[in-house]
S.K.: 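Below is a structure I'd like to ask you about.
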Amino acid sequence: MSTPSYLIRRVLQAVAVIVIVTIVVFGLLHALPGGPARGILGPQATAQQIARFNHEQGLDKSLPVQYFYYLGQLLHGDLGTSYTLNEPVSQLITERLPKTLVLTVLSALVGLVLAIPLGMWQAMRRNKPVDYVITTLSFIAYSTPVYFLGLILVLVFSQMLAWFPSQAPQGETLGQVLSDPQALVLPVVAGAASMVAVFSRYMRSATLENLSEDYVRTARAGGSRSHAILWRHVFRNSLTPVVAMLGYYVPVLFGGALVVEQLFNYPGMGLLFWTAAQSSDYPVLLGCVLVIAVATVVGTLLADIVQRIIDPRVKAGRA
């Protein structure tokens with residue numbers, strides 16, 4: 001399949017996935033018991049007050065009617081208005097999304113910078129004591145929940161050693177948040193830990209697989225040094241599964257950011273989502289889920305495109 005046809009097909013698939021996600025999330029949110037009226041008006045609200053709120057917000061209409069009304073708003077770029085903050089959801093997300101992206105991208109960069117050379121180093125020392133130690137630590141890091149790891153980081157590096165503050169940088173603008181890099185260290189480390197564990201394993205496996213290929217044996221027979229073979233040939237081929245996996249890891253990064261933001265009081269979209277979930281603020285919840293779905297689909301699409309570029313076998317349909 002040619003590249004333009006491939007891109008058109010993948011974009012159409014991405015749009016279909018996003019529409020399905022909005023249908024599923026919309027249905028699940030409205031199936032929750034209680035509804036937003038009780039959460040916003042409080043437990044003392046009367047039945048008449050709840051009925052009036054539901055009528056004003058269109059929540060007394062059938063679910064399909066509500067969904068198509070929401071979809072119509074969405075096509076015009078309107079994500080609705082927050083029930084609790086009384087501000088446009090698009091504005092709330094626009095203010096907080098850049099901060100979440102900064103936290104997510106920094107965590108991903110730190111995770112990749114550590115995981116790729118670590119995985120290759122392990123592969124070169126396969127089945128040696130250092131390989132077993134790092135493998136054990138990777139499994140521990142992967143199985144440790146983000147919130148628990150964050151608490152340990154706060155306890156050790158903030159409370160005991162006093163190296164970093166326990167609270168993430170605060171501020172209305174992205175510049176104010178970035179002006180305190182020391183306060184970003186613990187949230188970024190908490191977000192990057194699981195990524196180091198997962199991607200170092202992928203890099204180790206891919207490197208081992210490539211080291212057993214014929215082209216490596218040919219290069220060795222030709223007198224090439226191990227480090228030259230590793231960085232000139234094995235490194236690029238081993239990146240293919242890692243790049244593919246990176247796109248699928250986007251929802252994990254966003255999910256981790258949600259927990260990290262709550263734990264370190266980071267003023268991003270995760271904290272907004274958490275606050276909205278506590279008050280059943282449907283428009284904000286739907287807006288946040290929509291952004292995460294778009295980021296996941298775009299991340300997967302970019303990963304497929306990059307994989308197609310760096311691995312000719314994918315373009316030829318052999319991998």
Side-chain angles (χ1 to χ4, degrees), residues 82 84-85 87 89 91-115 137-138 140-200 246 249-281 284-285 287-296 299:
S82 168
T84 55
L85 301 175
E87 293 182 40
V89 175
Q91 179 180 330
L92 293 171
I93 291 178
T94 302
E95 291 172 354
R96 290 162 176 79
L97 182 59
K99 301 168 191 172
T100 296
L101 286 177
V102 165
L103 181 63
T104 305
V105 170
L106 285 176
S107 299
L109 287 176
V110 170
L112 287 176
V113 166
L114 294 176
L137 293 176
S138 295
I140 293 174
Y142 180 69
S143 58
T144 303
V146 176
Y147 69 89
F148 185 67
L149 176 62
L151 290 175
I152 293 176
L153 291 174
V154 170
L155 178 65
V156 175
F157 295 101
S158 180
Q159 301 299 320
M160 296 174 62
L161 300 176
W163 288 356
F164 304 104
S166 60
Q167 181 167 276
Q170 304 295 306
E172 294 295 327
T173 66
L174 183 60
Q176 291 173 328
V177 172
L178 294 176
S179 64
D180 189 6
Q182 189 178 13
L184 272 173
V185 172
L186 293 185
V188 169
V189 170
S194 67
M195 191 170 185
V196 174
V198 172
F199 281 80
S200 64
L246 186 60
Y249 208 73
V250 170
V252 179
L253 287 172
F254 267 97
L258 188 150
V259 179
V260 169
E261 289 182 12
Q262 172 67 15
L263 183 62
F264 292 96
N265 196 29
Y266 184 84
M269 209 175 68
L271 193 59
L272 175 68
F273 182 88
W274 181 266
T275 306
Q278 291 180 314
S279 58
S280 300
D281 197 339
V284 175
L285 290 174
C288 292
V289 170
L290 185 64
V291 169
I292 293 174
V294 170
T296 302

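Being a predicted model, the structure only gives us computed values, none of them experimental. Because only heavy atoms are used, hydrogens play no part in the values below, and waters and symmetry mates are left out as well, while side chains stay in.
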S.K.: What I'd like to find out is whether the side chain of Phe199 reaches to under 4.5 Å of the side chain of Leu112, using heavy atoms alone.
M.R.: yes
S.K.: Are any non-hydrogen side-chain atoms of Val189 and Val110 less than 4.5 angstrom apart?
M.R.: no
S.K.: Once rounded to the nearest 0.5 Å, what's the spacing between atom CG of Leu263 and atom CG of Leu271?
M.R.: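 Between atom CG of Leu263 and atom CG of Leu271 there are 11.0 Å.
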S.K.: If you take all heavy atoms of Ala141 and Ala197, which pair is closest and at what distance?
M.R.: CB-CB, 4.0 Å
S.K.: Of the options Lys99, Glu95, Arg96, which is the one that meets Leu272 in a side-chain contact (heavy atoms from CB on, under 4.5 Å)?
M.R.: Arg96
S.K.: Which atoms form the tightest heavy-atom contact between Ser82 and Asp281, and what is the distance?
M.R.: OG-OD2, 2.6 Å
S.K.: Can you tell me how far the OG1 atom of Thr275 sits from the CG atom of Leu285, to the nearest 0.5 Å?
M.R.: 10.0 Å
S.K.: Would you name the heavy atoms of Gly111 and Ala192 that are closest together and state the gap between them?
M.R.: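 Nearest heavy atoms, Gly111 then Ala192: N-CB, 3.9 Å.
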S.K.: Is it the case that atom CZ in Phe164 sees more than 12 heavy atoms from other parts of the structure closer than 6.0 Å?
M.R.: yes
S.K.: From Leu103 CG over to Leu184 CG, what is the distance, rounded to the nearest 0.5 angstrom?
M.R.: 7.0 Å
S.K.: With a 4.5 Å heavy-atom cut-off, do Phe273 and Val289 have their side chains touching?
M.R.: yes
S.K.: Considering non-hydrogen atoms only, spot the tightest contact between Val146 and Ala190 and give its length.
M.R.: CG1-O, 4.2 Å
S.K.: Say you draw a straight line from CG of Leu97 to CG of Leu92; how long is it, rounded to the nearest 0.5 Å?
M.R.: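 Reported to 0.5 Å precision, the distance equals 12.0 Å.
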S.K.: To the nearest 0.5 Å, tell me how far Ile93 CD1 sits from Cys288 SG.
M.R.: 4.5 Å
S.K.: My understanding is that only residues two or more places apart in sequence, or in another chain, count here; which of them pass side-chain hydrogen bond (donor to acceptor under 3.5 Å, both in side chains) with Ser107?
M.R.: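 side-chain hydrogen bond (donor to acceptor under 3.5 Å, both in side chains) check on Ser107 returns nothing, list empty.
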S.K.: Nearest 0.5 Å, please: how far is OG in Ser166 from CG in Leu151?
M.R.: 11.0 Å
S.K.: Grab the two heavy atoms, one from Thr144 and one from Ile140, that are nearest each other, plus how far apart they are.
M.R.: OG1-O, 2.5 Å
S.K.: Please find the pair of heavy atoms, one from Glu261 and one from Met269, that lie closest to each other, and give the distance.
M.R.: OE1-N, 3.3 Å
